Amino acid sequence: MNKKISNILKEISDYLELKGENVFKVRAYRDASRIIENLDFEIKNLEDLKNLKGIPKIGKSIIGRVEEILKEGESLYLNELKKEYPIELEELLSIPGLGIKKIRLFYENLNIKNIEDLKDALYSGALYHLPRIGEKLIEKIKRGVEFREKNRGLPFPALFDVIGELTKRFKDHHLSYYITGELRRKKEFVKNLDFVFYDIRDLDVLSDIINIENIDESLYYKKISYTFENLSGSIYIPSSGLLWNVLFFTTGSKSHVMEVIDKYKKTNISFWKERFKREKDIYEKIEIDVIPPIFREGFGEFKWYNPAFVISKKDILGEFHVHSTWSDGRSEIEEILYEAANRGYEYIGISDHSASLTIAHGLSIEDVEKKGREIEELRDKNPIVYPLFGAEVDIRADGSLDYPDEVLKSFDYVIAAIHTNFGLSIEENTRRIISAFRNPYVIAFAHPTGRELGIRPGYEFDREEVFKEAARNNILLEINGTPRRMDLDSYEIYKLRSLGLKYILSSDAHYVSSLSNIENSLVIANKAGLEREEVVNTYKLKDVFLLFNTIREGKIRNE
DNA sequence: GCCGTTTTCGGCCCGACTGTTTTCAGTCG
């Protein structure tokens with residue numbers, strides 16, 4: 001329920017801003033939304049409301065709104081706001097270049113309420129007549145709309161709520177199902193929510209639950225294409241006795257399935273004539289290793305998959321990319337250490353933002369020193385988890401780093417990252433990143449592509465150049481597990497395997513509750529077939545220090 | 001809307017960049 005409440009509060013804040021309400025009121029809702037999203041307890045019923053009391057920035061009014069959501073299942077307040085402004089605000093806001101002000105301008109002048117209206121206006125030229133709207137902006141919005149159209153879906157960790165909602169309705173109607181397709185494979189970005197139904201008695205109820213768009217029938221299954229809450233997918237109903245064939249077939253990926261079916265052809269067994277009792281029989285029948293769904297991406301898994309190499313949660317001994325209250329994190333270092341101990345970590349790196357990222361309270365040089373002392377003091381207390389003194393330092397447009405070398409030197413490690421000047425050319429960004437890699441104190445490169453799934457593709461740079469340079473300097477690439485990022489992507493990592501790079505898995509947590517994001521990174525690492533040796537989070541602390549020293553010394557020698 | 005007070009109002013988070021302008025509004029992190 002927290003996610004739902006948080007989404008509603010975020011929406012309220014956006015509609016209030018659209019209305020031109022007091023900016024601090026808007027911010028209050030936005031803050032409350034973020035806080036509730038990151039609570040470490042669930043708000044399920046009215047009883048839980050008392051746990052909200054006393055949480056900073058959650059006051060009487062907000063609790064009242066939450067109470068209403070719990071009682072009504074929706075926010076009447078938000079509904080009122082939406083009635084006043086019948087705009088699909090969240091959808092429009094997801095287009096880069098569009099903010100609340102422009103959306104209001106478009107709505108008031110051209111009655112643009114959603115992406116469809118916006119598309120009409122973009123291509124009819126109607127937008128040109130509005131004040132402060134020029135060619136470049138229109139092109140940017142066009143690109144954003146097209147990107148969005150092509151990338152409709154959600155990162156798999158962001159789908160739990162909608163899947164929960166959908167499957168609850170299936171269960172209420174006694175519909176039995178298996179999740180299949182991209183979601184079963186935990187693909188980073190899921191475009192289709194696919195299910196296999198079995199043991200079906202009554203399908204007529206389906207139209208109460210989802211929007212049925214199309215029904216196809218083949219020899220082996222019936223396929224119902226549907227939409228639900230802005231997402232689309234398919235429901236497969238296997239022909240008699242073909243449940244496991246269909247589940248395997250629809251799980252994909254296409255190339256994985258084809259490879260298996262080819263092997264069947266070669267052994268003269270007809271895949272579709274078999275009546276399997278379990279999915280693993282499909283593999284065992286032709287004497288190959290059973291491959292679990294997340295590995296079935298067609299990245300050569302038949303060659304490299306080995307259950308002994310799969311990295312598990314307990315192999316993770318720590319991580320390096322966590323924000324504390326020193327910058328824009330909401331948890332104190334001590335709290336983070338406590339939570340890290342609960343996760344069974346040996347160490348955890350607190351890497352706050354650097355000075356120029358003022359919105360994220362990037363640390364001034366004086367604050368860096370103070371934070372360093374705090375970490376020293378915590379170490380003196382001999383905590384279960386060893387705190388590492390890190391930093392996520394901005395790479396400026398010219399490739400220089402946001403702190404001078406004397407400061408960079410004081411950290412246990414430095415992660416370089418791009419947060420600004422996204423619009424530079426490929427050449428400029430490539431030069432910029434490479435020059436950061438050559439700094440002797442830079443150990444890792446955070447969220448390497450800068451993508452936001454379904455929102456923007458990330459900045460442009462010469463992938464080959466940059467990753468080769470990373471290999472030359474032993475720069476560790478991050479696999480960022482923040483759902484909206486999931487950056488790097490498993491396919492990209494798979495393609496890079498010949499370079500011999502090493503990786504760090506990161507939660508990029510701003511709240512202790514999001515430390516679990518690292519499990520998303522772990523899925524990506526496993527999908528790409530990485531082994532423990534390639535994932536620094538599996539190293540013991542002394543080996544981490546050893547590795548970091550080697551990286552730094554390697555670069556200093558080459559200077 | 002929240003918070004804290006030398007306590008019920010007044011303060012609360014900024015700065016670069018872009019694209020539009022010709023001095024600045026809006027977006028973004």
Side-chain angles (χ1 to χ4, degrees), chain A residues 8-10 12-36 52-68 75 77-78 81 89 92-108 127-144 323 325 327-330 352-364 392-398 402 417-425 428-429 432 446-447 450-452 455-456 458-459 480 482 484-485 487 508 510:
Chain A
I8 290 176
L9 294 175
K10 159 80 170 47
I12 292 176
S13 77
D14 290 332
Y15 279 95
L16 289 174
E17 190 176 347
L18 189 72
K19 236 182 120 168
E21 267 284 359
N22 177 322
V23 288
F24 296 103
K25 182 170 167 180
V26 172
R27 191 179 297 161
Y29 275 97
R30 210 154 280 166
D31 288 345
S33 160
R34 215 182 32 225
I35 290 164
I36 290 182
L52 282 178
K53 283 192 187 125
I55 294 177
K57 298 191 180 196
I58 305 285
K60 254 191 185 151
S61 305
I62 301 274
I63 291 182
R65 301 290 179 220
V66 177
E67 188 176 352
E68 187 180 63
S75 166
Y77 181 57
L78 175 60
L81 289 166
L89 189 52
L92 287 170
L93 277 173
S94 72
I95 308 290
L98 276 191
I100 303 258
K101 299 279 166 54
K102 292 221 172 70
I103 293 172
R104 186 163 66 190
L105 179 77
F106 293 173
Y107 171 64
E108 284 174 350
L127 293 179
Y128 279 106
H129 309 297
L130 296 176
R132 306 191 69 86
I133 303 293
E135 191 126 11
K136 282 194 174 170
L137 192 69
I138 289 181
E139 279 310 310
K140 184 176 181 180
I141 298 174
K142 265 188 195 168
R143 279 200 305 277
H323 297 270
T325 45
S327 65
D328 57 346
R330 304 287 153 156
D352 284 297
H353 287 290
S354 61
S356 76
L357 213 61
T358 46
I359 186 71
H361 295 117
L363 271 67
S364 66
E392 183 187 16
V393 177
D394 263 67
I395 306 175
R396 298 187 188 128
D398 64 357
D402 203 21
I418 288 180
H419 293 104
T420 53
N421 296 92
F422 273 46
L424 299 188
S425 69
E428 286 166 319
N429 269 331
R432 168 191 198 187
H447 37 75
R451 73 174 184 178
E452 284 198 26
I455 307 288
R456 64 170 193 221
Y459 34 81
N480 190 299
T482 305
R484 64 168 211 287
R485 292 190 185 272
D487 183 7
D508 198 353
H510 289 68

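Every value quoted in this text rests on a predicted model; they were computed, and no experiment measured them. Each chain gets a letter, A, B and so on, in the order the sequences are listed, and its residues count up from 1.
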Exercise for review: Under 4.0 Å between any heavy atoms, over every strand shown, what does I55(A) touch: base, sugar-phosphate, or nothing? Just pick one.
Suggested key: sugar-phosphate
**Study point:** Of the listed nucleotides dT27(B), dC17(B), dC24(B), the one nearest the side chain of R132(A)
**Key:** dC24(B)
Point to revise | Nearest-angstrom distance from the residue atom CG of L105(A) to P of dG26(B) | key: 9 Å
Review point. Is the shortest side-chain N/O distance from R65(A) to OP1 or OP2 of dG1(B) below 4.0 Å?
Key: yes
Exercise for review: Please report, rounded to the nearest Å, how far the C1' atom of dG29(B) is from the NE2 atom of H510(A).
Suggested key: 11 Å
Study note, to complete from the structure: L357(A) has its side chain closest, among dG29(B), dC12(B), dC28(B), to dG29(B)
Review point. Which nucleotide, dC17(B), dG29(B), dT27(B), lies nearest any side-chain atom of K101(A)?
Key: dT27(B)
Check your understanding: How long is the line joining CD of E21(A) and C1' of dC2(B), in whole Å?
Key -> 15 Å
Check your understanding: If you round to the nearest 0.5 Å, how far is CD of E21(A) from CZ of R27(A)?
Key -> 14.5 Å
Practice item. Grab the two heavy atoms, one from P96(A) and one from G144(A), that are nearest each other, plus how far apart they are. Key: CD-CA, 4.1 Å
Practice item. Scan P131(A) against the nucleic acid and name what it touches under 4.0 Å (heavy atoms): base, sugar-phosphate only, or nothing. Key: nothing
Check your understanding: Within this structure, what is the CZ-to-P distance between F24(A) and dC9(B), rounded to whole angstrom?
Key -> 19 Å
Exercise for review: Select base, sugar-phosphate, or nothing to describe what G97(A) touches, counting heavy atoms under 4.0 Å on all strands.
Suggested key: sugar-phosphate
Review point. In Watson-Crick or G-U wobble terms, both distances under 3.5 Å, what is the partner of dT8(B)?
Key: none
Exercise for review: Quickly work out the K140(A) NZ to dT20(B) P distance and round it to whole Å.
Suggested key: 10 Å
Revision key, fill the gap. Atom CG of L16(A) and atom C1' of dG1(B) are separated, to the nearest Å, by 10 Å
**Study point:** C1' gap between dG1(B) and dT8(B), integer Å
**Key:** 15 Å
Check your understanding: If we take the P atom in both dG11(B) and dT18(B), what is their distance in whole Å?
Key -> 34 Å
**Study point:** dT20(B) and dG26(B), which share atom name C1', separated by this distance in whole Å
**Key:** 10 Å
Point to revise | Earlier contact from the 5' end, DNA chain B, for D31(A) and I58(A) | key: I58(A)
Practice item. Take atom P in dC17(B) and the same atom in dC13(B), then report the distance between them in whole Å. Key: 23 Å
Point to revise | Nucleotide nearest K102(A) (side chain, heavy atoms from C-beta), chosen from dC24(B), dC12(B), dG26(B) | key: dG26(B)
Review point. Between D14(A) and K10(A), does at least one N-O distance fall below 4.0 Å, as a salt bridge requires?
Key: yes
**Study point:** Euclidean distance for P, dT5(B) against dC12(B) (whole angstrom)
**Key:** 15 Å
Point to revise | side chain to side chain contact (heavy atoms under 4.5 Å, CB included) between L98(A) and F106(A), intermediate numbers included | key: CA-CA 10 Å; L98(A) 276 191; F106(A) 293 173; 3.5 Å; yes
Exercise for review: Please work out if T420(A) contacts a base, only the sugar-phosphate, or nothing of the nucleic acid, heavy-atom cut-off 4.0 Å.
Suggested key: nothing
Practice item. Could you check which of dG29(B), dC17(B), dC2(B) has an atom nearest any side-chain atom of K57(A)? Key: dC2(B)
Practice item. Can you tell me the distance, in whole Å, between the CD1 atom of I133(A) and the C1' atom of dT27(B)? Key: 12 Å
Study note, to complete from the structure: Residues L424(A) and A397(A): closest non-hydrogen pair is CD1-O, 3.8 Å
Practice item. Assign the ring pair H323(A) / H510(A) to parallel, tilted or perpendicular, where the plane angle (0 to 90°) is split at 30° and 60°. Key: parallel
Practice item. State which of dG29(B), dG19(B), dG1(B) makes the closest approach to the side chain of A28(A). Key: dG1(B)
Check your understanding: Under 4.0 Å between a Lys/Arg side-chain N and an Asp/Glu carboxylate O for K142(A) and E139(A)?
Key -> yes
Exercise for review: Choose from dT20(B), dG29(B), dC12(B) the nucleotide whose nearest atom is closest to any side-chain atom of K136(A).
Suggested key: dT20(B)
**Study point:** N/O (side chain, N22(A)) to phosphate O (OP1/OP2, dG1(B)) under 4.0 Å
**Key:** no
Check your understanding: R30(A) has an atom CZ; how far is it from atom P of dC2(B), in whole Å?
Key -> 15 Å
Revision key, fill the gap. Taking dG19(B), dC13(B), dG1(B) as options, the one with an atom nearest any side-chain atom of L137(A) is dG19(B)
Review point. Out of dC2(B), dG29(B), dG26(B), which nucleotide sits closest to the side chain of S61(A)?
Key: dC2(B)
